Each structure stands twice: as C-alpha cells, then as structure tokens.
Amino acid sequence: MNEISGPMYYNGVYHEFYQYNPDGAFDPNDSLMNMVWGHSVSTDLINWIGLEPAIKPDIPSDICGCWTGSATILFGVQPVIIYTGLIDRKANQVQNIALPKNRSDPYLREWAKVGSNPVIQHVIPGLNSSHFRDPTTGWIGPDGLWRIAVGAEVNGIGTALLYKSEDFMSWTRIERPLYSNNALNMWECLDFFAVVPGSNNGLDMSSEIPSGAKHVLKVSINSCDMYIVGVYDLKRDEFVPDTVQDDNRLWTRIDYGTFYASKSFFDSKHGRRVIWAWSNETDSYSDDIAKGWAGIHSIPRTIWLDGDGKQLIQWPVEEIESLRINEINHQGLELKKGDLFEIKGIDTLQADVEIDFEPTSIDDAETFDPSWLFDPRKQCREADASVHGGIGPFGLVILASDNMEEHTAVHFRVYKSEQKYIILMCSDLRRSSLRPGLYTPAYGGFFEFDLENEKRISLRTLIDRSAVESFGSGGRICITARVYPVALVDDDGAHMYAFNNGSTTVRVPQLRAWSMKRAQVNVMKGGSVI
Ligand code: DQQ
C-alpha cells in the first residue's frame, strides 16, 4: 500500500482509505497498476478493521487505476469522495466522484461512482495531463460555493489548480491558480487547511474560518512533504505565503524522514486536525516480495500551528497512550561527556519513550554555519553521535545489539547563530542493520530554539519494530524512519540507552518509557486477518 486517501470521521467511525495494490507488494508508483482504494475503519484511530476495497477501476474514467483523492462531508451529512482516475496506460488523469451507497451502513462499505464522471477533465492550456491529480478535501467560501485544489504541472511549473462548484458535482476551473511556484514542477497529494496560531483546536474547512486564522499548503514531491504557511486571500481566491524560499531545499518539512504523501482531516469527535502518512519500506524489492506486504501508515498525529505563526507542531494522538504498559520512570539523571545510561525494564522493540535533556550550561554551543541548512543530512553524517561536540550530541541509542554493531541513534546538537540557538536533530540509520541492500541514511533537520528560556529539549520516540517515529522539542520537528536490524532477531530484545557525547553535562530531569501493547491491525470483520 502507499498513501492514505480521503481520511474522515463520520457518524462515530474513522475511515482510512488508502492506495492499495491488489497485485502484490511492490511500489505502485513505479508503474501503472490497477490501484484500488483500500478501506479500514476504527473508532479510536489505533485499532482497525479491514474491509473490502471501496473503489476499484471499472469505468472508462478510472479504468487504469483509482489514484489518490480526498473525502469531504457536505453540510455534516453527505460524505463525498473525489479521486483521480487513470484513463489509459499513458497515465492521463481526470477527477471522479463516488458516493456511499447506503449512508446508514455504519462502515460505509459500498461506494457508487456518479454517472457524470469524470467530473473534471484534463483539458487545460499547458497542462501535462499525466501530472494532474490528487484533489484536496473541499472547502466552502463566504459565497457558499465549494472549492477544491488539484495538483498539476502547468507549463512545467508546480501548480495548485482551483475549482469551484455549487453542488460538488459540476466544477468550473478558476483561471488564476490557488498557488503556483516554479521551485518545483509537480505537486502530489496537496493538502490545504486552516489553523489558528497557538491553538491546537482544529478547524473544519466545511465551515466558516475565523478571522486571524492562517492557511497551510502542504505539497508532496520527491519523497518529501513540505509546507508553506500563509493567508488565504478570499477576494482573489488565492493562497499568499508569508514567506517562501526560492530554493525548495529550504522549505520546512512535515517530517524529515520516510514520511510521504501525508493527508490531514478535521476530527469532529475531538475538535482537532489529524495528519498521517505513508512510510514506505526501505528494504529491497525482493524483501517486500518475500514478506508479501510493503508500506505502513504512521501513527496519526494531532497537528496545529505554533504561536509564532510559522512552525507546525505535531504530536501522536493521545489514543496511542492506551497501548502503554509497564511504565519505567527515572528522574534527576546526569549525563556527562561519554555517558551511556541503559534504559531497562521495557520491551525495547515496541516502546514509547519520553525524555527531556537540559544542558547545564549554554556557553559551549558551537557556531552555526547557515550553509548547513541546505543539507542537514550531510551535517548528521559528519557530526554524528560519535563526534564530540560542545552541547551535544545527546539523545537515544535504540535497537542496539549486544556489541553495538547494530544500532540507531536519535540525537540533538545545539549551535549558536548570532542571537539565537539552532538545533540539529538526526535519526541516523547508517548502523541500523548488518543486512546489505537497505536504504540507511542519516536523516536530519534544523529548528530554532529559545535555549535560554525553554532550557529543556524533549524527545519522544515511538518504536514499533521496523518503525521509529521521533518527535523533537514537543513536536516542532519529526523524523520517521524504517529500520531492519538482524542481530536482534534471535535475541531477547534490543538495548536502549540515553547518551551524551558533548563536553557540556546534560541533566535528564525526566525519563519515562513504556512497553506498547499490540494494536488490532486490519482484522477483517469475521475474524480473518488480512
Ligand atoms: N501515489 C498515487 C498518486 C499520488 C502518488 C498513486 C503519491 O495519486 O500522486 O498511487 O505517492
């Protein structure tokens, strides 16, 4: 499977549709296949029931595949799916609509495509019609008209095309796009949503958006999910970024690891916005064929905008805490340069760890070089966990074998840049496995931090065997990684340590960790597991 398509909460049930390749465990993006919309349901975002696919290719306007799209709930009662159909083997793309056959079925198992499909054709001057896909969730304007955006490449430029409709069925393109930027040439899986700076209450795009709200445009391209914060100019129906860098390497990321094609939705049960994404395998094609599956979805996260109006914050939904057991707790630890403190007493292969680091002095921060911003991964490779620093590296070493020949390091390093502090967070997979043929980069990203006032740098890492999801500084920076250690397979488990390799001593005022119970994953109704 690959990404989540059309997540929604409707009548007490969460729906997760997703791109599913019924032909086997290979990457559907590598060729044109008969992608269908897989379908799972849940009442808590953690335990899932697998259902039959909701949409399959069977009409001329999706005959070569049902690709990504979104769900919109019209006026709180009518769910609608809008999705991309492949009309031929050249991957020419149009947009289609499907409606639930029976709205009183709590799981909305069956969907019917409308007779007027395709509702949006690929006839636009300058459009590359094989790059015209992934319609967003709809939003409503003060004029009562619905809008959606569709990602496209127009005259070689990445564009969010804007469409309007009175009834969500018949669509007219507005000549001016919602946004376009020549830093990239095609945008997949656009996501467009409103946020109130400093508030973690989500906003429903189908309702009036309060004044003072900002808008976020998320684009997915080249395995990266990037976002821009700005305002939505209602008069011009245009997204206006607060700032935007010409060089897309400087665009802020939703997550700096293996986390792609994310999609958010408004969760009316809890009044929050939830986002999650596809985390592809980073083992080999033959590994995936042997396993018989490939691709997972990250743990859903609540997402909101920081009070500074610039930075999105993400935090695992609180429901994940229902899986916590066997808490261990340490307080008042101190890590001097070279210290390695073993965290014992939990299942280190399936764990949730929360740890705070407090440098005892801020004097020894090394000088920041702005050119590093172009390539944080290079900095994570060159200044890795074994390289002594001023403040840091400190963090966690997880999934470590007895002799450390396999381990994954998740860590921070603090730099001083004129009047502010900049922190590098890394998730270094280069020694994560002895197996050949894996993709094992050192992922990394930078963020600004008010070290003088905030003092503590927090790290939360959720480990679920091959999945390692890390949240730095309360969710200001996130890195998802996939790891495949082999030495641990026959062992009792793996070791986990907190470490410091910087000359500044680091206090650990609080360290809490839990083993995690197994969630119910895609159990089909009737008992058989898919
Ligand atoms: N995957 C889908 C496309 C989308 C891409 C096809 C992103 O709709 O653009 O499975 O991973």
Side-chain angles (χ1 to χ4, degrees), residues 1-7 16-39 53-57 61-71 81-98 117-120 122 127-137 148-154 158-161 184-192 217-227 253-255 257-264 275-282 288 293-298 480 482:
M1 66 183 185
N2 50 334
E3 69 264 12
I4 294 145
S5 307
E16 195 220 50
F17 304 97
Y18 56 96
Q19 291 286 287
Y20 174 58
N21 176 12
D23 296 332
F26 35 88
D27 185 347
N29 286 327
D30 283 350
S31 57
L32 305 175
M33 278 166 263
N34 310 318
M35 294 300 285
V36 305
W37 274 44
H39 187 189
I55 308 175
K56 296 179 179 171
S61 57
D62 68 14
I63 200 65
C64 289
C66 298
W67 280 18
T68 290
S70 301
I81 280 173
I82 184 158
Y83 70 98
T84 299
L86 262 57
I87 58 173
D88 55 31
R89 289 276 155 196
K90 291 189 184 135
N92 283 308
Q93 294 157 18
V94 295
Q95 319 309 326
N96 297 304
I97 278 186
N117 281 327
V119 292
I120 300 180
H122 56 300
L127 175 74
N128 174 348
S129 53
S130 61
H131 282 327
F132 175 49
R133 59 179 173 272
D134 310 339
T136 61
T137 302
I148 55 160
V150 182
E153 184 186 301
V154 179
T159 305
L161 293 170
L184 293 160
N185 50 11
M186 164 62 198
W187 293 335
E188 297 187 312
C189 301
L190 291 177
D191 199 16
F192 186 58
L217 181 68
K218 188 275 316 184
V219 302
S220 301
I221 195 69
N222 299 336
S223 305
C224 302
D225 276 19
M226 302 176 256
Y227 68 90
R253 305 265 179 96
I254 297 278
D255 186 298
T258 303
F259 184 95
Y260 191 60
S262 54
K263 181 75 93 178
S264 73
I275 190 166
W276 73 121
W278 167 39
S279 188
N280 197 13
E281 303 308 303
T282 49
D288 295 343
W293 60 273
I296 59 167
H297 291 160
S298 70
T480 298
R482 304 295 307 282

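Note that ligands are numbered from 1 as they come in the structure, with each ligand's atoms numbered from 1 the same way. Keep in mind the model is a prediction, meaning the values are calculated, not measured.
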Undergrad: At a 4.0 Å threshold, what atoms of ligand 1 neighbour a non-hydrogen atom of Asp134?
TA: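 Result: 3 (C), 4 (C), 8 (O), 9 (O).
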Undergrad: Backbone or side chain, does any N or O of Glu188 fall under 3.5 Å from an N or O of ligand 1?
TA: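 Yes: some nitrogen or oxygen of Glu188 is under 3.5 Å from one in ligand 1.
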Undergrad: Applying ring-ring contact (aromatic ring centres under 6.0 Å, His included), name anything that partners Phe132, two or more places apart in sequence or on another chain.
TA: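 With sequence neighbours excluded, Phe132 shows a ring-ring contact (aromatic ring centres under 6.0 Å, His included) to no residue whatsoever.
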Undergrad: Would you say the side-chain atoms of Asp134 pair up with the backbone N or O of Cys189, donor to acceptor, closer than 3.5 Å?
TA: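 Looks like yes, one N/O pair under 3.5 Å.
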Undergrad: In ligand 1, which numbered atoms sit nearer than 4.0 Å to a non-hydrogen atom of Trp67?
TA: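 The atoms of ligand 1 under 4.0 Å from a heavy atom of Trp67 are 3 (C), 6 (C), 8 (O).
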Undergrad: Which bit of Thr68 is near ligand 1, meaning a heavy atom under 4.0 Å away: side chain, backbone, both or neither?
TA: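 Both backbone and side chain.
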Undergrad: Please work out whether any backbone atom (N, CA, C, O) or any side-chain heavy atom from C-beta onward of Asn2 is under 4.0 Å from ligand 1, and answer side chain, backbone, both or neither.
TA: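 Asn2 to ligand 1: side-chain contact only, backbone stays beyond 4.0 Å.
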Undergrad: In terms of side-chain heavy atoms, does Glu16 have a donor or acceptor partner in Trp276 at a distance below 3.5 Å?
TA: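 There is such a pair (donor and acceptor under 3.5 Å, judged by atom type) between the side chains of Glu16 and Trp276.
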Undergrad: If hydrogens are left out, which of Gln19, Met1, Glu3 has an atom nearest to atom 1 (N) of ligand 1, that is, the closest non-hydrogen atom?
TA: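 Ranked by closest heavy atom to atom 1 (N) of ligand 1, first place is Glu3.
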Undergrad: Taking the side chain as every heavy atom from C-beta outward, state whether Ser5 and Tyr83 have any atom pair closer than 4.5 Å.
TA: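 Counting from C-beta outward, Ser5 and Tyr83 never come under 4.5 Å.
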Undergrad: Sequence neighbours left out, what passes side chain to side chain contact (heavy atoms under 4.5 Å, CB included) with Thr137? Give chain and number order.
TA: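 If we apply the side chain to side chain contact (heavy atoms under 4.5 Å, CB included) test to Thr137, skipping adjacent residues, the hits are Ser70, Thr72.
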Undergrad: Is it true that the side chains of Asn96 and Ser61 contain a donor and an acceptor less than 3.5 Å apart?
TA: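 Asn96 vs Ser61: donor-acceptor pair found between side chains.
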Undergrad: Only heavy atoms of Trp278, strictly under 4.0 Å: list the atoms of ligand 1 that pass.
TA: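 What qualifies from ligand 1 is 11 (O).
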